[in-house]
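This report refers to the structure that appears directly beneath it.
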Amino acid sequence: MTDTNQKAIRLGLAPSAGTVERLFAIFGDEMIPAEEVRQRYYRNMNADTFKAALGTEKIPLPVSTMNVSNKAIPHINIRHLAAYIDQRAYLADQELASRLNPGDQPS
């Protein structure tokens with residue numbers, strides 16, 4: 001199924017197996033309802049704001065549906081979510097390292 005309105009996700013890191021396993025233990029499925037992701041990780045956003053931010057530079061996660069319908073429940077693939085979580089953790093590590101060791105900037 002190809003959605004021509006949705007840009008392809010381009011994450012720099014493949015998700016770690018551990019992150020995927022932990023997410024599966026939490027959510028119990030490969031396709032996670034977007035609302036469950038919002039409730040767990042984006043509690044500060046209301047449903048409309050979260051829905052508008054998905055698939056943009058603010059929250060660059062692709063959204064899938066299990067059927068073709070305007071009322072279809074949006075889902076996020078567990079591997080996309082895991083890769084995004086890993087990517088955000090990596091960026092946080094880099095930011096902390098640069099603040100703690102300002103002279104050790106990579107060239």
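Just so you know, these numbers come straight off a predicted model, no measurement behind them.
- The two residues R43 and R40 make their nearest non-hydrogen contact at NH1-O, 3.2 Å.
- Between P15 and A83, the closest heavy-atom pair is CB-N, 3.5 Å.
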Show the atom names and distances, to 0.1 Å, of all donor-acceptor pairs under 3.5 Å that link a side chain in residues 23-36 to residues at least two apart or in another chain.
unit_1, atom_1, unit_2, atom_2, d
E30, OE1, R79, NH1, 2.9
E35, OE1, R38, NE, 3.0
E35, OE2, R38, NE, 3.1
E35, OE2, R38, NH2, 2.6
E35, OE2, Q39, NE2, 3.1

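- Taking CD1 from I85 and NE2 from H80, the interatomic distance works out to 13.0 Å, rounded to the nearest 0.5 Å.
- The distance from atom CD1 of I78 to atom CD of E21, rounded to the nearest 0.5 Å, is 9.5 Å.
- Contact annotation: the side chain of N77 never approaches that of H75 to less than 4.5 Å [non-hydrogen atoms, C-beta and beyond].
- Looking at heavy atoms from C-beta onward, T49 lies out of side-chain contact with Y42 at the 4.5 angstrom threshold.
- Between T65 and N67, the shortest heavy-atom contact is OG1-O, 3.0 Å.
- Side chain of R22 to main chain of G18: a donor-acceptor pair is present (N/O by atom type, distance under 3.5 Å, no hydrogens or angles).
- Expressed to the nearest 0.5 Å, how far CG of D86 lies from CG of L91 amounts to 11.0 Å.
- Here the CD1-OH distance, from I59 to Y41, works out to 13.0 Å after rounding to the nearest 0.5 Å.
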